[in-house]
Participant: 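The structure that follows is given in the form of structure tokens.
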Amino acid sequence: MSQADAAAPANAHPNKTFREAINEALHQEMERDSTVIVMGEEVAGGAGCKGSDEAYGGVFGLTKGLGPRFGRERVIDTPITESAIIGAAAGAANTGLRPIAELMFVDFIGVCFDQIFNQAAKFRYMFGGKARTPMVIRATAGAGLRAAAQHSSMLHPVLTHIPGLKVVMPSNAYDAKGLIISAIRDDDPVVFIEHKLLYETSCPVPDEAYTIPFGEAAFAREGSDATIVAMGAMVPRAIAVADKLAAEGIHCDVIDPRTTSPLDSEAILESVEVSGRLVVVDEANPRCGLAADISSIVAEHAFSALRAPIKCVTAPHTPVPFAPALEDAYMPGEDRIEAAVRAVLGGR
Amino acid sequence: MSQADAAAPANAHPNKTFREAINEALHQEMERDSTVIVMGEEVAGGAGCKGSDEAYGGVFGLTKGLGPRFGRERVIDTPITESAIIGAAAGAANTGLRPIAELMFVDFIGVCFDQIFNQAAKFRYMFGGKARTPMVIRATAGAGLRAAAQHSSMLHPVLTHIPGLKVVMPSNAYDAKGLIISAIRDDDPVVFIEHKLLYETSCPVPDEAYTIPFGEAAFAREGSDATIVAMGAMVPRAIAVADKLAAEGIHCDVIDPRTTSPLDSEAILESVEVSGRLVVVDEANPRCGLAADISSIVAEHAFSALRAPIKCVTAPHTPVPFAPALEDAYMPGEDRIEAAVRAVLGGR
Amino acid sequence: MAYSKELLTSAYYTMTTIRQFEERMIKEFMAGNIPGFVHTYDGQEAVGVGVCSHLSDDDIIGSTHRGHGHCIAKGCDIELMILEIMGKAEGLCKGKGGSMHIADIDKGMLGANAIVGGGPPLCNGAALSMKTLGKPHVAVSFSGDGSSNQGTVMESLNLAGVLDLPHFFVFENNHLAEGTGDEYAVAGDIAERVRAFGIPCDKVDGTDFFAVYEAAKKAIKHCRSGKGPYGIEADVLRFDGHFIGDPQAYRGEGELDDLRANRDCLKIYRERVTGEGWMDTSALDKLDEDAAAAIEKGVQRGLAAAQPAMEELYSDVYCSY
Amino acid sequence: MAYSKELLTSAYYTMTTIRQFEERMIKEFMAGNIPGFVHTYDGQEAVGVGVCSHLSDDDIIGSTHRGHGHCIAKGCDIELMILEIMGKAEGLCKGKGGSMHIADIDKGMLGANAIVGGGPPLCNGAALSMKTLGKPHVAVSFSGDGSSNQGTVMESLNLAGVLDLPHFFVFENNHLAEGTGDEYAVAGDIAERVRAFGIPCDKVDGTDFFAVYEAAKKAIKHCRSGKGPYGIEADVLRFDGHFIGDPQAYRGEGELDDLRANRDCLKIYRERVTGEGWMDTSALDKLDEDAAAAIEKGVQRGLAAAQPAMEELYSDVYCSY
Ligand SMILES: Cc1ncc(C[n+]2csc(CCOP(=O)(O)OP(=O)(O)O)c2C)c(N)n1
Ligand SMILES: Cc1ncc(C[n+]2csc(CCOP(=O)(O)OP(=O)(O)O)c2C)c(N)n1
Ligand SMILES: [Mg+2]
Ligand SMILES: [Mg+2]
């Protein structure tokens, strides 16, 4: 696994936000490869209105500028028709293009799930290796914007469950750029999950294109007292807890798997072999979730190293509530992460 | 938890197949409660053809006889339109009916997932308790019939992940009857998963209506050497292994949770507290699956009782292959279950 | 054609309530008093009110992300709505739903819906309940021009046609779906699309309350009498952004000024009823003031109210892990 | 109107191959030599062949659960198909897909699809590739009457209309979806539904190869010339069950006998070509025999062939756990 690169190294590269890093990567990949196209609702800016056709660029602005730069043949606004969007991306991927489809909110997989899990994800296997489906589905996910039950889900556990899909969930701008470029160049369907709360976070990001391999975790912090695994918007929280504990002399590995499928289980197992203590933090609901998944891998393959029960820190088994006080309590917070780490340390 | 009732007690009740048990329960509940309706493709038998309108009764025959008995106002054939079927069931449930919608194969949740997970499952919570959604979605699931990638999935992990849904997965005819009746009388949306390989299995089933509560596991076998948790079509396989080992003097609890959400984690934890050894068998894919889910609950809450790594026996992380030899290897078989139990027993 | 004083008064009162409610929500949102994503209905009042004027609490409506107007037209308590939109414990849904997920089943309001196209399948279900239970009620779904492209909506049209459900499909074509126009996104024509399922569908001027009222009357009568579904496509407009805060760069120069000047359903209503001598200006002004007072009261209560208690995170769901 | 000898020969050879292939699959299935669920295309040959006669390997088709005929018409190797359907290692998809999941991208066959309505969205994508890459090819999706009710299909029509995609939508209305008739399940009319999206759509007699051939020619020319999508609704029938083994209780008395006597596209073809003097009976008989021999050879090879090796369970997927 690569070390420390996820931790926003203080280097000579200019600071960029998560949003800017992805936008830049999209520009660079479309420039490099004319078979890369982008499609989705208002990804080019909007169409068929009386005013500007560049009002948007994706509702969160991630695709801003692509339409004017690469033209409407390659940056395609669609109706509200997610099954047709994902299906078109998959069919185009089978026939020579490398589509990037935007699913405005990952919550909308409900209306297009068949095209993701029964179609795109399965072609390569069920056609005996005869089909390639190099497509990326980009989607905003997560709580924190008071968008409530139908616009705040994570859903990466559902996607990670599906064989044939790759699932990517960056936690910072540097990784976001490297991972989206890897996703675009990958020959399998990839779901790329962007947490709403990360869009405005920033760190140094090289101007040039670079890739980060799938299945390689990053160590955001290192320490042998306990292992904390966290993903997406949970990584900054895990780092904050690790830093606080470090001031007390408790040092934790903070492992960010970066891709949930494939998963760098080796990095996690190696860390637990040393620390013997594991806390898994995930914003998704708990049942059949990613925290449970990682816990079970460790309980099977690093059992003898474990010196305390594995703790999972997740959302409760409820939809995302609207009221800010409830939503804040819904998301795993630093307090709960800290308590879990102290618990696996036997109450230190 | 209730004991032994899942194990097809040799009593005075007539033998019935899994299919007959469900069909009988549907008749009884429709008789008892005029707000119970059934809808789906060919559930009444088919419509708009030149011949018999009773050709089918669900393609697997589970709803056979309901159409003629209760009429087409309550047994409703639909077009191929799963989103509209599930949506109509949910809306009808909100407004006074108790619909049972048939999803011919659980694999079809892809085309109606939004109506399940964003709509039906969330109403009660997001409307602050103001809505009731007493509906049942019945679906055939699982491998074994050589139906290949798009007609053989399990998908209960995906459903179990969703807060607000209850997920039921009976392993025998007796439980199937009691659980479907509980599902129909429940005020929350329930997904009722019928494994294809179980339809022709039979055991004594009382003629009268009865319920089995959700969240109560059954002990198909009892023993303190190891705990085997298995669901659906995996239960008979786990029982066969337990019986084989029992002949050698190794005695295992075989726990069938019967409902995956809510889950009777207490029964599992209590068993592991005694045995210290756990094997979880599930036909679903492994990542973020139910085996991982149960493993993680035990690794957190019965850690100190564990005397060996937890073993998960699942399908591989691949779609379901068509060729019989591959499909047979895909499904967890008795050999793999037995090997896992022997492994947690330290190679006995 | 004459309308009862009662109808004229209540229709105007409801429309002005919606207009002022939405304008106030924009103000409160901008002041930081409302969290989340909010989509306002101002401009479209004549549709919601023209349709819901024919409905009782036993009739059901299914709404959209742009649901405030439908709620108010269907008789939801505006104070409880404000509390909900502000995320307060006493809100219509305990503060757990918010603007995009308001429901009030007692009033026959089956829910806003933050999933485009989520509502029509549910309204088929409500209509099925009515048909199965032999009740003379109707279900009404509201959909936008953008929503008309979602498969769930088209499936719902077909199933309603097949089962002859008492489902009145109202398409509010405001010619925008976020920043995408119907000219671009709707291949063909919405009303034609509805008719292709064998469902009668009329086009109506959605800025004219009376036109909507008459079209809805005919449609609802059709549905109530067991003849199956009916549709209308209302030509309408929205005054504000897709969501509060949307800069509306997709608007043409002067487009909004023109709409406000010439296609404001409240102005058009006032002109008509005063022109016909059915109501006078002072009575209308008085209704504006009454609505404003009710909203003011609700907002003050909302601002002062508490958020839900922490236990509510775990309630209203069958089990918590 | 005259047709080339080559076309007449190849069209008949392909149709008789499909017919005999399906009849043989039924036999082999009944003998226990084919696992799983198999849906045969016999009766509908004139549609698949009439359409695919205009296509090259660079054109793409998307098929359904009833895909054998489309595969054969598109030029897939029948021996490799038989191996696939029998689940053998050398099958077109290594025996991992089976009857419901055959694909052959090299031949422009994008896949059968066991999800009703799964194919048309994918064909939009293929058409989008052609449009974006500036190639003069078309994508053709096949859908049934039942499939026309699935939201994915209707969304695909709209998106194809919006983006002017070179997508030819072929609806094969065999008036049955399992045991449900289109009379019941399709509100309105399929061709009208297509037209409502602004897409031209012709109705054609699907038992008449020449009618299909001409309609497809016009439609494909339209698509190739950049004018956007086109549709046909072919009136057709299936001779056998929904799946092999289906007792077809939904058939009326004498219905099948009547169909076999009067609406058999192969008989109709033979009558036409002999009647016109374009081909003689002995030439046609010879083609029947040639097809039978090829199928026999494939079946024998299939029966003798081995299933995939166990490693194949884990191949063709990015990682195994
Ligand atoms: C399935 C889904 N796709 C996309 C969105 C994002 N979205 C919310 S409202 C909207 C536009 C809806 O347009 P229309 O139906 O015309 O309604 P209007 O906003 O004009 O009232 C979009 C794209 C969503 N909420 N759900
Ligand atoms: C989404 C989905 N729903 C239901 C089915 C089950 N099913 C398979 S084929 C079929 C009937 C299809 O009818 P039609 O489209 O007319 O095609 P035909 O069988 O007549 O060729 C059904 C209901 C399915 N495979 N996928
Ligand atoms: Mg609109
Ligand atoms: Mg058909």
Side-chain angles (χ1 to χ4, degrees), chain A residues 41-59 72 77-85 87 104-105 107-108 110-112 114 144-152 285-287 289 292 312 314-330, chain C residues 34-37 84 86-89 91 93-101 113-118 144 146-152 175-187 242-243 246-253 255 307-310 312-317 319-321:
Chain A
E41 293 154 24
E42 284 95 19
V43 289
C49 302
K50 298 206 170 87
S52 167
D53 265 2
E54 292 161 33
Y56 295 97
V59 224
R72 297 248 161 185
D77 277 349
T78 68
I80 306 173
T81 185
E82 284 82 4
S83 277
I85 296 169
M104 198 182 290
F105 287 76
D107 309 70
F108 306 162
V111 291
C112 57
D114 185 71
L145 289 196
R146 290 48 172 123
Q150 294 176 330
H151 277 58
S152 307
N285 295 117
R287 299 296 317 285
C312 294
T314 68
H317 190 61
T318 71
V320 183
F322 170 61
L326 298 186
E327 192 188 32
D328 289 342
Y330 173 93
Chain C
I34 295 176
F37 298 157
E84 185 59 36
M86 290 184 169
K88 300 307 173 75
C93 303
K94 295 191 194 161
K96 291 164 84 165
S99 168
M100 290 200 290
H101 314 97
N113 211 308
I115 301 298
V116 168
S147 174
S148 75
N149 301 316
Q150 189 66 278
T152 54
H175 308 287
L176 285 172
E178 299 197 343
T180 303
D182 66 322
E183 293 278 307
Y184 176 79
V186 179
H242 171 61
F243 49 84
D246 173 8
Q248 301 198 68
Y250 46 78
R251 293 288 190 182
E253 225 186 282
E255 181 184 350
Q307 288 195 46
M310 215 42 73
E312 291 297 346
L313 176 55
Y314 308 98
S315 70
D316 304 319
V317 66
C319 60
S320 325
Y321 296 92

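Numbers restart at 1 for each chain; the letters A, B, ... are given by sequence-line order, proteins then strands. Atoms considered below: every heavy atom in the structure, side chains included; atoms not considered: hydrogens, waters and symmetry mates.
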Participant: Which one, A:Arg146, A:Glu42, A:Glu327, leads in non-hydrogen pairs under 4.5 Å with chain C?
Facilitator: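 Looking at each option in turn, the highest pair count goes to A:Glu42.
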
Participant: Measuring heavy-atom distances to chain C, does A:Glu82 have an atom under 4.5 Å in its side chain, in its backbone, in both, or in neither?
Facilitator: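 Contact with chain C is through both the backbone and side chain of A:Glu82.
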
Participant: What part of A:Tyr330 gets within 4.5 angstrom of chain C, counting heavy atoms only: side chain, backbone, both, or neither?
Facilitator: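 For A:Tyr330, backbone and side chain are both near chain C.
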
Participant: Can you name the side chain to side chain donor-acceptor pair (under 3.5 Å) partners of C:Gln307, sequence neighbours left out?
Facilitator: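 None.
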
Participant: For C:Phe37 and A:Phe105, take the angle between the two ring planes, folded into 0 to 90°, and tell me which bin it lands in: parallel under 30, tilted 30 to 60, perpendicular over 60.
Facilitator: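 C:Phe37 and A:Phe105: perpendicular rings.
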
Participant: C:Glu178 versus chain A, heavy atoms under 4.5 Å apart: side chain, backbone, both or neither?
Facilitator: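 Both parts, heavy atoms under 4.5 Å.
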
Participant: Quick one: pull up CZ in A:Arg287 and NE2 in A:His317 and give me the separation to the nearest 0.5 Å.
Facilitator: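 These two atoms lie 6.5 Å from each other.
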
Participant: Might you work through the ring-ring contact (aromatic ring centres under 6.0 Å, His included) test for A:His151 and A:Phe108, ending with a clear yes or no?
Facilitator: CA-CA 8 Å; A:His151 277 58; A:Phe108 306 162; 5.2 Å; yes

Participant: In terms of heavy-atom pairs under 4.5 Å with chain C, which of A:Ala149, A:Pro79, A:Pro319 leads?
Facilitator: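 Counting heavy-atom pairs under 4.5 Å, the top option is A:Pro79.
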
Participant: Is a donor from one side chain sitting under 3.5 angstrom from an acceptor on the other, for A:Thr81 and C:Gln150?
Facilitator: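 The answer is no; no qualifying pair exists.
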
Participant: Between C:Ala309 and chain A, which part of the residue has a heavy atom less than 4.5 Å away: side chain, backbone, both or neither?
Facilitator: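 Just the backbone, heavy atoms under 4.5 Å.
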
Participant: So what's closer than 4.5 Å to chain A heavy atoms on C:Asn113: side chain, backbone, both or neither?
Facilitator: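 Both the backbone and the side chain of C:Asn113 come within 4.5 Å of chain A.
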
Participant: Measuring heavy-atom distances to chain A, does C:Leu176 have an atom under 4.5 Å in its side chain, in its backbone, in both, or in neither?
Facilitator: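 Just the side chain, heavy atoms under 4.5 Å.
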
Participant: Return the option, out of A:Ser83, A:Ala55, A:Gly46, with the maximum number of heavy-atom pairs under 4.5 Å with chain C.
Facilitator: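 Max contact count across the listed options: A:Ala55.
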
Participant: Flag the one option from A:Val59, A:Thr78, A:Asp107, A:Asp53 with the top tally of heavy-atom pairs under 4.5 Å to chain C.
Facilitator: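 Heavy-atom pairs under 4.5 Å are most numerous for A:Val59.
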
Participant: Under a 4.5 Å cutoff for heavy-atom pairs, which residue among A:Ala329, A:Pro324, A:Ala148 has the most contacts with chain C?
Facilitator: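 Most heavy-atom pairs within the cutoff with chain C belong to A:Pro324.
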
Participant: So which of C:Ala177, C:Gly252, C:Gly179 has the largest heavy-atom pair count under 4.5 angstrom toward chain A?
Facilitator: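 Top option by heavy-atom pairs under 4.5 Å: C:Gly179.
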
